[in-house]
Structures are given as structure tokens and as C-alpha cells.
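A short write-up of the structure that comes next.
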Amino acid sequence: MNKKLISVLVSACFISMVVAQQSKNIVGAGKTVDPYHYKIVKIATFNKACVASAHPLASEVGLAILQQGGNGFDAMIATQLTLAVVYPGAGNIGGGGFLMARKKDGTQIALDYREMAPAKSTRDMYLDKAGNPQNALSESGHLSAGVPGTVAGLFATAKYAKLPFATLIQPAIDIAANGFVISAEEAEGLNENRKDFQQYSTRPTALVKAQPWKAGDTLVQPELAATLQRIKDNGAKGFYEGETAQLIVAEMNRGNGFITLDDLKNYTAKERKAVSFNYRGYNIISFPPPSSGGILLAQMLKMIEKYPVKSYGFQSPQSVQLMIEAERRAYADRATHMGDPDFWKVPQETLISDAYLAERMKDYSPNKASVSKEIKAGTIHESDQTTHISIIDAEGNMVAVTTTLNGSYGSRTVVGGAGFILNDEMDDFSIKPGVPNMYGAVGGEANAIVAGKRMLSSMTPTLVLQNGKPFMVVGTPGGTTIPTSVFQSIVNVIDFNMNAADAVNSPKFHHQWLPDEVMIENNFSVSTKLALEKMGYKLRNIGTIGRTELIKILPNGKREVAADIRGNDSVAGY
Ligand code: GLY
């Protein structure tokens with residue numbers, strides 16, 4: 001996209017949400033965060049530390065924690081908890097996520113707090129007697145929920161933080177109890193889901209009120225505040241045991257869901273080993289299975305590395321076509337080879353090896369679309385609605401977290417008396433081989449449902465190092481489009497030398513093997529689209545792909561940070 005146009009779009013997004021209501025300053029010694037008056041900031045450059053997230057209040061809370069002496073992990077915990085209050089469509093305590101971090105001493109942390117299939121789950125639980133898939137059951141309501149992982153993840157992260165957990169959760173409690181003003185986008189989301197909240201919840205919820213929501217209304221969530229208070233008072237047990245757990249199970253019993261007290265008590269977050277590889281001299285560190293994201297990212301970048309992408313030109317037909325074909329081949333592998341590594345042997349080393357990837361690109365022909373039904377997964381010769389936060393602190397700790405409820409507002413089941421939405425993450429399993437899930441992705445045995453297994457994800461929280469030093473923190477929501485958005489954002493920075501905002505805001509495209517089509521943002525170059533169609537690609541225009549948050553560390557050490565123009569996403573820092 002023309003750089004000037006991007007700048008114009010970005011300036012247009014400096015929206016001030018000033019609402020004529022009483023201020024309630026709430027956070028920390030500085031009292032800097034006001035949930036009744038806040039502003040979206042899309043781009044900035046800070047000297048020391050910064051946060052980018054899907055909501056201005058969450059980013060501001062993260063900043064306040066950094067300024068109170070917290071490190072990047074403290075800021076992440078506080079930001080994520082605030083998102084659970086101010087961004088109910090994806091921020092959550094009823095979902096799960098992945099944290100990819102690098103401490104200032106170089107230690108890498110890949111923390112898996114993905115949801116898990118309840119113990120009662122069975123392989124065919126979403127098939128009717130005739131074997132037909134019942135997608136409505138895996139996508140909505142009580143039966144679509146996996147055992148939530150977010151709270152376990154927050155406490156597993158706390159061991160790297162500096163401040164007391166009570167300090168980190170207090171802003172979220174205050175905002176839930178006293179309310180905050182909602183944006184036009186949030187009002188629209190709540191109104192669109194009103195019927196679903198009523199259909200899939202068994203008790204009244206604060207997310208539904210008598211009149212339709214409008215921008216500037218105040219959303220107060222007393223039940224959610226009480227749940228957060230129990231977590232503050234009792235730690236992870238405040239969620240996985242006691243009153244909150246009983247409320248979840250009571251909700252399950254009223255709605256024929258599967259999650260039991262034992263499922264909750266037995267849930268643990270797990271440390272994994274990051275996927276680490278080089279691309280044009282940069283070291284990329286991303287999330288391993290049960291996410292497909294890190295492997296897909298490695299495959300796509302390494303498949304294009306031997307081609308002179310820069311000389312092809314940014315979003316020229318040649319560079320886009322090459323990237324589409326890399327995406328197609330990587331996603332074919334996703335469908336067959338990737339799943340929870342505790343249940344399925346994922347051939348990770350092979351999938352990202354140079355020899356294997358060279359073989360995968362052997363049938364690539366420039367200027368001609370491949371056909372997905374002729375591109376199977378590679379043969380392995382050897383004995384797997386979401387939101388993202390990017391943070392770097394003053395010490396150089398890098399933290400990338402992607403967390404999810406799956407679809408927008410998850411299962412739309414709000415836990416009665418506890419005030420939070422449960423995920424519909426079970427739909428990320430392959431409910432029947434070859435049957436597409438809500439993202440159109442297909443899978444097979446590797447991602448079949450098994451009790452206790454974690455469903456395959458696409459979340460790709462990613463860190464990039466240059467000469468062993470922090471260079472980029474990046475990630476996005478977007479279901480199966482996540483790895484391709486991260487892929488393109490990295491190529492935009494490394495190959496096309498873009499700044500953070502241009503890398504994020506440039507139009508994106510996505511191919512996932514099946515369906516055999518290229519999803520492409522409406523504002524993509526028309527001439528490139530025509531050229532791709534001539535080569536044989538079927539294009540499907542869509543409004544937006546992803547909401548990427550990207551931090552680029554400049555040679556002088558300053559932190560250039562961009563929040564995606566596609567939502568209310570916002571940055572903060574100092
Ligand atoms: N629910 C989206 C993902 O985990 O990929």
C-alpha cells in the first residue's frame with residue numbers, strides 16, 4: 001500500500017473517546033488510567049518500554065504497571081486481565097492462550113495455557129447418529145467449551161513478574177466493578193450477539209441490557225468483579241476450585257456441558273520448547289505445538305528465503321504469488337501433521353528442515369497457480385476470536401501473548417453468577433476428518449478429539465532477534481489467518497524495510513490450502529489482484545485480516561510500536 005495512504009489512515013484513527021461522565025481515576029500511584037476518558041493511539045516511539053493491545057484501557061493499565069516498577073511480565077498480566085473486562089469479545093478468563101517471552105538474560109519461555117478437552121469428551125461427540133457433523137454444537141453453547149487455561153497461565157507467568165498479583169489484578173477489578181465507557185465497535189459487537197447471549201446462557205448477563213448498546217454507554221460487570229476478587233484472594237484456586245468452579249459446573253449442568261470440578265482442578269499450564277530458526281540472518285522465536293503457528297511461520301519464511309523477494313517488489317504479483325504458494329504448502333502440512341504433542345508425534349524437526357522444505361517447493365512454478373487437490377501434505381520419513389498483546393520493557397524483556405475465546409465472544413455462554421464468557425475452543429479440534437471448522441480449516445487424526453487433549457491452534461506470538469538482541473515483538477488474532485499475517489508482517493519489515501505501522505497496516509492476503517482460494521483484503525492493489533487472477537488464482541475479497549500489534553526496536557534502542565488500524569487497538573509507553 002502507498003505509504004502516504006497508510007499515514008493518512010493511521011492519523012484518522014486518533015479517535016478521542018471523551019464522554020461527558022464523571023471521571024473515576026483508578027490505577028496506581030500516578031492515577032493515570034481513567035475508564036471514562038481514553039484515547040486510541042495507533043503509533044508512537046518510546047524511549048524505554050511499551051505495550052500494544054486490542055484496547056486503549058488495557059494498554060494504559062500495562063503502562064501504569066511498568067511505571068510502578070513492574071517488568072514486562074507484570075504488564076502482561078495486568079493488560080490481559082484488563083482485556084478480560086474491557087474486551088469481552090476476545091479478552092478473557094474463560095479461554096486460553098500462549099505466552100512467548102524472552103527474558104533480558106536470553107532465557108526463552110513458551111508457556112502453553114491452551115484449553116483442554118474435558119474428561120467426558122469423545123472423538124465423535126459432535127456427530128449425530130448418522131455420522132453427520134453438528135457444527136452448531138462445537139461452535140456455540142456449553143458443549144463447545146474446553147477447560148479454560150487463562151488463569152493458570154497468568155499464575156504461571158507471575159513467577160517471572162516483580163509486583164504482587166494483587167496489584168496486577170486490581171485495575172481489572174475496579175473497571176469491572178465501576179464500569180467503563182464502550183466504543184461504537186464494542187456496542188455493535190454486543191448488539192449483534194444479544195440473541196446468542198440469551199440463547200446460550202442460562203442466567204441474565206451484564207452484557208445484555210433492555211435497550212441496544214450505543215457508543216458512550218457504561219458497561220458495569222459486578223459478577224465479573226466478584227470473580228476477579230476471588231482470584232485475587234485465593235490465587236488460581238479462586239478460579240479452578242471453590243465458588244467460581246462451582247458456578248462453572250452449575251452452568252454446565254444447566255446447559256448439558258461437559259466440564260466438571262475435576263476437569264478444572266486438574267488443569268495445568270505447561271512450559272514448551274519454542275520453535276527457533278533463522279531467516280535472512282534474523283533469529284525468529286515462535287510458539288510450538290499445540291500451536292501450528294511457529295511451525296507454519298518457519299515453513300513459510302524458509303520456503304521463500306532463497307528467492308529475492310525484495311527485488312520482486314512489495315505486493316508485486318511475483319512476490320505475492322510466491323508467498324501464496326508457500327502458505328498453501330505449509331497449511332497442507334498443518335492439516336495432516338499437527339496436533340497436541342502430548343497425544344500426537346509432530347515431526348517438527350523435519351517439517352522445518354531445509355531439505356524437506358526444498359522438496360515441498362519443487363513443484364512451485366512462478367506465474368502459475370498450483371492446485372490444492374494436487375498438493376498433499378509432505379511425506380515424513382522419520383521413526384501439530386483471539387487477541388494479542390506485544391510488550392517490551394526498559395530492561396529488554398520481550399513478551400508476546402496471544403489469547404483466545406476462539407469465535408467472537410466465544411461460546412456466548414456467560415457463566416451464571418460469575419460474569420465471564422466461556423470459550424468455544426472445542427471447534428478447533430477436527431470434529432470429523434475432512435470437515436471444515438469455523439475457519440474452513442480441515443484436519444485429521446493428529447487433531448482428533450481425545451479427553452485431556454489440547455486442540456490445535458494457529459496462535460503465533462513471535463519474537464525476532466537481530467545479532468542476538470531484541471528486534472521485534474509481533475502477533476495477531478485471526479484464527480487460521482494468524483500465521484500468514486505474522487509471516488507477512490515479518491517479511492514487510494525484514495525484506496521491505498517497513499516501519500512498524502506500515503508493516504501492520506498494509507493489506508494482507510491468506511491461503512490455507514483448503515478451500516483453494518486466496519482471501520484478500522478489499523484495499524489490496526487492484527493490478528496485483530488482476531495479475532493473480534490471470535495466473536489462475538481464485539480471489540475472495542474480505543473486509544479485514546487480523547489485528548496485529550508490532551514493536552520494532554530501532555538501532556538507537558527506541559521502541560517503535562504500532563497498533564493495527566483495523567480495530568480499537570492502541571499503544572502506550574514511556
Ligand atoms: N482459536 C484460534 C486459534 O487458537 O487458532
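Order of listing sets the numbers, starting from 1, for every ligand and every atom in it.
With sequence neighbours excluded, no residue satisfies salt bridge (charged side-chain N to carboxylate O under 4.0 Å, His left out) with Glu327. Scored by the side-chain contact (heavy atoms from CB on, under 4.5 Å) test, Leu514 finds Ser372, Val442 as partners (sequence neighbours excluded). Taking Glu445 as the reference, Arg123 meet the salt bridge (charged side-chain N to carboxylate O under 4.0 Å, His left out) condition, with sequence neighbours excluded.
Residues lining ligand 1 at a heavy-atom distance below 4.0 Å are given as Arg114, Thr386, Thr404, Asn406, Glu425, Asp428, Ser457, Ser458, Met459, ordered by chain and residue number.
Not less than 6.0 angstrom separates the ring centroid of Phe98 from the ring centroid of Tyr113.
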Practice item. Could you walk me through whether Phe239 and Phe420 pass ring pair (Phe, Tyr, Trp, His ring centres under 6.0 Å), step by step? Key: CA-CA 11 Å; Phe239 183 87; Phe420 63 89; 5.4 Å; yes
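Nearest heavy atoms, Ala75 versus Gly62: CB-O, 3.7 Å.
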